[in-house]
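Please read the structure below before turning to the comments.
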Amino acid sequence: MSTIDGLPPLRAVIATHDLQAKKQLGQNFLLDLNLTAKIARQAGDLSGCDVLEVGPGPGGLTRGLLAEGARRVLAIEKDTRCLPALAEISEAYPGRLEVLNADALDIDAARLLTPPIRVVANLPYNVGTELLIRWLTPAVWPPFWQSLTLMFQKEVAERIVARSGSKAYGRLALLVQWRAEAKIVMTLPPEAFTPAPKVHSAVVHITRREAPLYPADEKLLGRIIAAGFNQRRKMLRASLRGVAPDMEEKLRAAGIEPTARAEEISLEAFCALARVIADGPA
Ligand code: SAM
């Protein structure tokens, strides 16, 4: 059977290299190269970009990224069993694919890439949210990446794009949306993967903002949001009591009803509250 790149189909790659999926590594592989090319296209024009891919596995998405014209791909894979299959892809695309056998949580990838940089990954579910939070909270903003195009469990994707008033709205939505624009660009049924996971998945495309959407001190905003959502059923005048003195007054000054709950409050209003607290007496 011919493929987009002349390399063997992924089922053959998996059989040749004996890549039985391991649950503890979050391995649910995409074997349809048309689908992986479609995911790669969601990241935008890759031709002038370096791409960071976490968890290439047998290389389905990696091949999609290269076929769609990525200037260079740096792929970080923890499972040594996948390296021979990935080496074959490197040979087919000379000088364009570098594979690092490492835990993505231990690697400072920014140092190894040349801007503009896009991150594209079918993430291992066990480290996906942790990596997302790290990419969104670097020491300095803007971060090393222009965009993140990431596969998540659908439920996590919905939490990333959620708006105030919805059940999925919370810390993750606020963290992402303060510094970036996020939208779900694809949803995938369990059968798209081998083996099929129990849940549906979704691809989220996140584009960085050059500066946060509303001014606010990052640490203070984080404290307010954490306190508000740690006790999300409580009214804000109670859940935020420990954050600063005279909280009822400060909530009102920010245009927020003290009896409201965190899930009703927009990002704009949380940022306004952070500014009121920062300006007020400690
Ligand atoms: N990208 C491939 C695809 O779409 O078919 C594989 C996706 S699979 C969901 C996740 C991949 O991440 C696996 O290959 C797994 O070995 C790898 N992985 C798991 N934890 C990792 C970590 N901490 N660092 C790097 N790779 C990891």
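Remember, it's 1-based here, ligands and their atoms both numbered in the order they're listed. Owing to the predicted nature of the structure, the values given are computational and were not obtained by experimental measurement.
Relative orientation of the Y169 and F229 rings is perpendicular, given thresholds of 30° and 60° on the angle between their planes.
Side-chain atoms of Q27 and K23, non-hydrogen and from C-beta on, never get closer than 4.5 Å to each other. Residues I89 and V99 are not in side-chain contact: their nearest non-hydrogen atoms beyond the backbone lie 4.5 Å or more apart.
Looking at E53 against ligand 1, only its side chain comes within 4.0 Å, counting heavy atoms. When non-hydrogen atoms are compared, ligand 1 lies under 4.0 Å from neither the backbone nor the side chain of C82. Contact annotation: for A121 versus ligand 1, there are no heavy atoms closer than 4.0 Å.
In terms of polar-atom proximity, G60 is not counted as a contact of ligand 1, lacking any N or O under 3.5 Å from an N or O of the ligand. Residue contacts with ligand 1: N28 is placed with no nitrogen or oxygen under 3.5 Å of a nitrogen or oxygen of the ligand (distance criterion only). The N/O atoms of D79, backbone and side chain alike, include none that comes under 3.5 Å of an N/O atom in ligand 1.
Checking G57, A21, G59, G26 against atom 8 (S) of ligand 1, the nearest heavy atom belongs to G26.
Residue K78 holds its NZ atom at 12.0 Å from CD1 of I107, rounded to the nearest 0.5 Å.
Close approach to A102 involves these atoms of ligand 1, each under 4.0 Å from a residue heavy atom: 24 (N), 25 (C). Close approach of ligand 1 to N122 (heavy-atom distance below 4.0 Å) involves ligand atoms 1 (N), 3 (C), 4 (O), 7 (C), 9 (C), 10 (C). Heavy-atom contacts of I76 reach the following atoms of ligand 1: 25 (C), 26 (N) (cutoff under 4.0 Å).
Looking from atom 23 (N) of ligand 1 to the surrounding protein, the closest heavy atom is D103 OD1, 2.9 Å. Looking only at protein heavy atoms, the nearest one to atom 2 (C) of ligand 1 is P56 O, 3.2 Å. Among all non-hydrogen protein atoms, the one lying nearest atom 24 (N) of ligand 1 is A104 N, 2.9 Å. Among protein heavy atoms, the minimum distance from atom 11 (C) of ligand 1 is reached at G55 O, 3.4 Å. With hydrogens left out, the protein atom closest to atom 5 (O) of ligand 1 is L30 N, 2.8 Å, a heavy atom. At the shortest separation from atom 26 (N) of ligand 1 among protein heavy atoms lies K78 N, 3.4 Å. The closest protein non-hydrogen atom to atom 14 (O) of ligand 1 is E77 OE1, 2.8 Å. Given atom 18 (N) of ligand 1, the protein heavy atom at minimum distance is P124 CG, 3.7 Å.
Side-chain N/O atoms of Q153 and R159 include no donor and acceptor closer than 3.5 Å.
Taking the charged nitrogens against the carboxylate oxygens, R208 and E210 do have a contact shorter than 4.0 Å, which makes a salt bridge.
Across I39, V120, L123, a single residue satisfies side-chain contact (heavy atoms from CB on, under 4.5 Å) together with M151, and that is I39.
Within 6.0 Å of atom CZ in R11, 12 or fewer heavy atoms from other residues, nucleotides or ligands are found, so the atom counts as exposed in its surroundings.
Side-chain atoms of R134 come within 3.5 Å of backbone atoms of L105 as a donor-acceptor pair (strictly under, hydrogens ignored). At least one donor-acceptor pair under 3.5 Å links the side chain of Q177 to the backbone N or O of A162.
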*Take K219 and D217, measure what salt bridge (charged side-chain N to carboxylate O under 4.0 Å, His left out) needs, and give me the verdict at the end.*
CA-CA 6 Å; K219 286 216 166 67; D217 176 78; over 6 Å; no

